[in-house]
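Keep in mind it's a predicted model, so treat the numbers as computed, not measured. Start at 1 with the first residue, then count along the sequence.
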Amino acid sequence: MPERRSIPIQPAAPDDEWHIAGIMVFAQPGQLERVRHAIDAMTGVEVHAVSDAGKLVVTAEAPTSQAIVAQLTCLHQLEGVVSATLVYQHNEDAAAMHEEIADVSHAP
C-alpha cells in the first residue's frame, strides 16, 4: 500500500473558513488503480468518478486555501499522475457548513 500523505486538517472553529475544491486528475491508464488507492489514502480528498481512460473527478476539503494547494501539489506528485487541474474552489465560513438548507421546490 502506498505511503499515506498527511496534510493537517483540524476541526474548524465557527469563525474559521472551510474550503472545497473540485479537481480533475489525469492518470496513466495502466497506473489508474495505483493512483486511485493513493488518492483514497489522502486526508480530506475523495474520488467521485473514474473513467477507464484515466480521468478521476476528485474533491478536496480543508480549512485553508494553503491546505488545498498542498493537496493539489500532492496529487501532482503521485506516481502515475499526468496532471491534476483545479476546476473549482469555494470557501464558506465554517459555521455555514452546519446550517440546514431548506428543501424548496420550484415546481408550479
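Once rounded to the nearest 0.5 Å, the distance linking CG of L75 with CD1 of I23 reads 5.0 Å. Rounding to the nearest 0.5 Å gives a distance of 12.5 Å between CG of N91 and CD of E61. R36 CZ to L56 CG: the interatomic distance, rounded to the nearest 0.5 Å, is 7.0 Å. If you take CD on Q71 and CG on L86, they are separated by 11.0 Å, rounding to the nearest 0.5 Å. Atoms OG1 and CG, from T73 and L78 in turn, are 11.0 Å apart once rounded to the nearest 0.5 Å. The line from NE2 of H37 to CD of Q31 is 12.0 Å long, rounded to the nearest 0.5 Å.
Residues V57 and F26 are members of one and the same hydrophobic cluster, defined by side-chain heavy-atom contacts under 4.5 angstrom among Ile, Leu, Val, Met, Phe, Trp and Tyr. Grouping the Ile, Leu, Val, Met, Phe, Trp and Tyr side chains by contacts below 4.5 angstrom, directly or via other members, places V45 with V47. Under the 4.5 Å side-chain heavy-atom criterion for grouping Ile, Leu, Val, Met, Phe, Trp and Tyr, M42 is connected to L32 within one hydrophobic cluster.
Contacts of Q89 classified as side-chain hydrogen bond (donor to acceptor under 3.5 Å, both in side chains), with partners at least two apart in sequence or in another chain: H19.
Between H76 and V81 the shortest side-chain heavy-atom distance does not fall below 4.5 Å.
Closest heavy-atom contact between E79 and V35: O-CG2, 3.5 Å. Residues A53 and P29 come closest through the heavy atom pair O-CG, 3.5 Å.
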Inset, instruction - Go through the steps for Q28 and V82 under the test side-chain contact (heavy atoms from CB on, under 4.5 Å), then give the verdict. - result: CA-CA 6 Å; Q28 297 169 352; V82 175; 3.8 Å; yes

